[in-house]
Amino acid sequence: MERSIQALRIDGARLWDSLMAMASIGATPAGGCNRQALTDEDKQGRDLFVRWCREIGCEIRVDRMGNIFARRAGTEAGIAPVITGSHLDTQPTGGKFDGVYGVLAGLEVLRTLEDKGIKTRAPLELVVWTNEEGARFSPAMIGSGVWAGEFTLEYAHSRADKSGKTIGEELARIGYLGELAPEPGPVTAAFEAHIEQGPILEKQNETIGVVTGVQGIRWYDVTFRGKPCHAGPTPMADRRDPVQALAILCERLYSEVKAYSDDARMTCGDLRAEPGSRNTVPEKVVLALDLRHPKPDGLEHLHRTLYRLAEQVEEAAGVTIDVREEWHSPPVQFDESCVAAVSAAVERLGYSHRKMVSGAGHDSVYVSRVAPVSMIFVPCAGGLSHNEAEFAEPAHLEAGCNVLMHAMLDRAGI
Ligand code: HGY
Ligand code: MN
Ligand code: MN
Ligand code: MN
């Protein structure tokens, strides 16, 4: 790569300003963001993104999953695009950087190339994937999942939130039910920049994570059914209390997960009791459970442990326990040539770095099904994410964006 290109750097201040402008949409009083998938706030964020992309001459296309593709033409016809992107939707108490950084770092790369009048041989395509978080609609990463062929469009459009509104209805309501069939064309290479959302880079005082893969994820709805009765007169010994069964199962599962491996993860992120009255022992309790492990056999072990313990507790507590698997995203390895492109860019730019596996799921998991992909991590304060206090240093965000730009140029050609 010739010297003038090697010296190319993005505009870190402009990247920061774009992040703060996007963060003002769905801003929460505690300093985070609540811009859940397909809400009015998500629409506002999408509209702002589209406006920014049009300002630099990108062609905009939207598919039937609401995935947005902003394309910057290349100089040579017939070469498949180099793509980058992430998501704009957030957790209910999310931060300013999860997903958004990957979208706006990609935009900053296009803006920099535009400023410098640099044209790449391959087209560049910047993507906003729908509903990566899986907070409002389950499962997560469903926009990239349909595009990569993991889910059918019908299944995805039918997924409803807690109020019963479906993805299909909400896409139409916010005006992002596009014409384009959500299916992949050829892709030369794909890259996603993201905050690490964990403590490793900050603890090791490293600037860049060269991401080699993503750990496996399995989601379950665990339903405990007991006998509703009065909170007062009913003696404790006469009860079949689903909350007590849930407490026993969780206690046993937490201790087995911790004993099994430091890499194992268990999260009980959502709980629902019905009928949900303080002075009635519930009839039903539903637990939304998330299990993770970087290795297929490790994830399988956690899966089997859950079912074994559910059976044990069911007998002991006289409560029925149904475990239903909601989503399974096996561990993925990223493409070696893309990992090498990120490593080469980091070396050239001289940033401290390490190779690592992602603890969080990302759209790149499904992109990796149909294209060579790697990811670029930057540290976040205290490793905190899915939290309104999420923060990343401007210098780190700038460094990650420079790596993204040079990795993309390496694969797109000048
Ligand atoms: O769940 C995840 O890891 C991602 O935030 N969707
Ligand atoms: Mn994310
Ligand atoms: Mn997230
Ligand atoms: Mn992601």
Side-chain angles (χ1 to χ4, degrees), residues 19 22-23 26 28 32-38 42 45 67 84-106 127-146 148 150-151 156 159 190-200 209 211 213-220 263-270 288-294 299 326-332 356-368 373 375-380 383-392 397 400 404:
L19 284 162
M22 187 60 78
T28 61
C33 282
N34 181 4
R35 200 173 47 245
Q36 294 181 64
L38 309 185
D42 187 21
N67 299 316
T84 189
S86 192
H87 58 96
L88 291 175
D89 66 302
T90 73
Q91 289 284 330
T93 53
K96 299 186 177 75
F97 304 97
D98 174 3
V100 192
Y101 169 56
V103 172
L104 299 183
V127 189
V128 170
W129 299 107
T130 294
N131 191 59
E132 188 274 352
E133 290 295 354
R136 181 181 178 197
F137 301 100
S138 174
M141 299 137 58
I142 202 164
S144 50
V146 171
E150 176 68 12
F151 308 111
R159 305 302 289 163
F191 299 99
E192 179 177 2
H194 209 289
I195 55 170
E196 178 201 338
Q197 302 181 291
I200 299 170
V211 188
V214 180
Q215 74 172 332
I217 305 173
R218 291 183 91 150
W219 281 8
Y220 307 84
D263 292 332
R265 300 283 185 270
M266 167 186 169
T267 307
C268 301
D270 193 9
L289 179 66
D290 176 316
L291 297 176
R292 304 197 187 197
H293 196 279
L299 195 58
E326 166 82 2
W327 179 44
H328 179 192
S329 172
V332 295
M356 60 196 299
V357 171
S358 173
H362 299 286
D363 296 302
S364 294
V365 165
Y366 287 133
V367 174
S368 74
V373 63
M375 290 185 71
I376 298 149
F377 274 176
V378 297
C380 51
L384 205 53
S385 183
H386 289 195
N387 181 303
E388 293 168 286
E390 183 184 272
F391 182 77
L397 298 166
L404 175 66

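Note that ligands are numbered from 1 as they come in the structure, with each ligand's atoms numbered from 1 the same way. We count residues from 1, following the sequence as given.
Atoms of ligand 1 found under 4.0 Å from any heavy atom of Ala360, numbered from 1 in the order shown, are 3 (O). Those atoms of ligand 1 with a heavy atom of Glu132 less than 4.0 angstrom away are 4 (C), 6 (N).
Residue contacts with ligand 1 include His386, since one of its heavy atoms falls under 4.0 Å from the ligand. Proximity of His362 to ligand 1 is not established, as no heavy-atom distance is less than 4.0 Å.
Residue His386 counts as close to the Mn ion (ligand 3), with an N, O or S atom under 2.8 Å. Residue His194: an N/O/S atom is found under 2.8 Å from the Mn ion (ligand 2). For the Mn ion (ligand 3), the set of nearby N, O or S atoms under 2.8 Å includes none belonging to Glu132.
Across Thr84 and Phe191, no two heavy atoms sit closer than the pair OG1-O, 2.6 Å. The heavy-atom pair separating Asp290 from Trp219 by the smallest distance is OD2-NE1, 2.8 Å. In terms of heavy-atom proximity, Cys33 sits nearest to Ala23 at SG-O, 3.4 Å.
With Glu388 as reference, Thr28 is the one residue of Thr90, Thr28, Thr93 to meet the side chain to side chain donor-acceptor pair (under 3.5 Å) rule.
Polar contact check, Arg292 against ligand 1: a nitrogen or oxygen pair lies under 3.5 Å apart. Checking only distances, Gly359 never comes within under 3.5 Å of ligand 1, N or O to N or O. Polar contact check, Gln197 against ligand 1: no nitrogen or oxygen pair lies under 3.5 Å apart.
With the Mn ion (ligand 3) as the vertex, OD2 (Asp98) and OE1 (Glu133) define an angle of 120°, rounded to 10°.
Using a 4.5 Å cut-off on side-chain heavy atoms (C-beta onward), His328 and Leu299 make contact.
Taking CH2 of Trp327 as the reference point, atom CZ of Phe151 lies at 7.0 Å (rounded to 0.5 Å). Distance check, rounded to the nearest 0.5 Å: CD of Gln197 to NE2 of His362 gives 5.0 Å.
With a 4.0 Å cut-off on non-hydrogen atoms, Gln215 does not touch ligand 1 at all.
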After noting the C-alpha distance and the side-chain angles of His87 and Asn131, does the key distance pass the side-chain hydrogen bond (donor to acceptor under 3.5 Å, both in side chains) rule? CA-CA 7 Å; His87 58 96; Asn131 191 59; over 6 Å; no

